[in-house]
Amino acid sequence: MHKQEKSCAKYKVSDCEKSFKTESPLAVKCGGIMLDVNKTTLKGVYLVKPAVHKDARGNFYETYNEKEYKAAGLAADFVQDDISCSVKGVLKGMHGDAGTYKLVQCVHGSVYAVILNCDEASDEFGKWEAFELSAENRYQIYIPPMYGNGYYVTSQEAVYSYKQSTYYGEYKQFTYKWNDDRFCIRWPGAAQVISKRDA
């Protein structure tokens, strides 16, 4: 997990080279399954590590369980699931809106995901944190409204999954540029494929 660089002194920042350490895990056990929910440096944003069950046949894990997630304090009511398939070098973001909670993960391949505080009324506007999401680590990010979500595909192909608490179009989306000088977001490479909206 990467965080803001110290050169962006305007914002609250920390070393981006430090490895991720769980700060305040909210481990919840429901029905014999352990759900590991961890605070991030962003208020209301959580890193979720689902329990994985392995045997000789392979492995199995739940991508969402309403009872367990709500018991862990992740109370959003999700109503729509979306899938985005992309190739290496694609960069998407930063997108969000004022009313939608999201639960995102990479179910195939790997991405470098960035979450950005886009609430201009907040003292932490512009603060961001980055996460490595992959089919291998199975990590998820729980994202409240007013945070931008973007990612850079680091594998040959990636499938990025979104659960959303509102139907598409209920709220007007905002977009902040991935390379906005105010934020100093550190990406793993140059955008090789990007939409006109995001460029």
Please answer: with hydrophobic residues joined when any side-chain heavy atoms are less than 4.5 Å apart, are [X] and [Y] in the same cluster?
| X | Y | value |
| --- | --- | --- |
| Val87 | Val111 | yes |
| Val159 | Tyr112 | no |
| Tyr171 | Tyr142 | no |

First locate atom [atom1] of [X], then atom [atom2] of [Y], and finally report the distance between them rounded to the nearest 0.5 Å.
| X | Y | atom1 | atom2 | answer |
| --- | --- | --- | --- | --- |
| Asp180 | Met94 | CG | CE | 10.5 Å |
| Ile141 | Tyr162 | CD1 | OH | 11.0 Å |
| Ile143 | Leu116 | CD1 | CG | 11.0 Å |
| Thr175 | Arg197 | OG1 | CZ | 3.5 Å |
| Asn38 | Tyr46 | CG | OH | 10.5 Å |
| Phe183 | Tyr176 | CZ | OH | 6.0 Å |

[Y] and [X], any side-chain heavy atoms less than 4.5 Å apart:
| X | Y | answer |
| --- | --- | --- |
| Asp119 | Glu124 | no |
| Tyr152 | Gln192 | yes |
| Pro188 | Thr154 | yes |
| Glu129 | Val45 | no |
| Gln140 | Pro50 | yes |

Could you work out the complete set of other residues in the hydrophobic cluster of Tyr167, with links drawn between I, L, V, M, F, W and Y side chains under 4.5 Å apart?
Val79

List, by chain and number, the other hydrophobic cluster members for Tyr168, where Ile, Leu, Val, Met, Phe, Trp and Tyr join if side-chain heavy atoms come within less than 4.5 Å, directly or indirectly.
none

List in chain and number order the residues that pass side chain to side chain contact (heavy atoms under 4.5 Å, CB included) with [X], two or more places apart in sequence or in another chain; answer none if no residue qualifies.
| X | answer |
| --- | --- |
| Ser86 | Ser84, Val90, Lys92, Tyr151, Val153 |
| Asn179 | Lys177 |
| Tyr64 | Glu66, Tyr69, Phe78, Leu103, Lys163 |

List in chain and number order the residues that pass salt bridge (charged side-chain N to carboxylate O under 4.0 Å, His left out) with Glu170, two or more places apart in sequence or in another chain; answer none if no residue qualifies.
none

Over 12 foreign heavy atoms within 6.0 Å of NZ, Lys43
no

Distance-only, no hydrogens or angles: does the [X] side chain make a donor-acceptor pair with backbone N or O of [Y] under 3.5 Å?
| X | Y | answer |
| --- | --- | --- |
| Asn137 | Glu132 | yes |
| Ser110 | Ser134 | no |
| Lys127 | Thr41 | yes |
| Asp198 | Ser195 | no |

Against Gln164, only a single residue in Asp82, Asp81, Asp97, Thr100 fulfils side chain to side chain donor-acceptor pair (under 3.5 Å); can you say which?
Asp82

Output, in order, the C-alpha distance, side-chain angles, deciding distance and verdict of ring-ring contact (aromatic ring centres under 6.0 Å, His included) for Tyr101 and Tyr147.
CA-CA 9 Å; Tyr101 285 83; Tyr147 280 91; 9.9 Å; no

For Trp178 and Trp187, take the angle between the two ring planes, folded into 0 to 90°, and tell me which bin it lands in: parallel under 30, tilted 30 to 60, perpendicular over 60.
perpendicular

Tightest non-hydrogen contact, residues Val104 and Tyr160, listed as CG2-OH, 3.3 Å

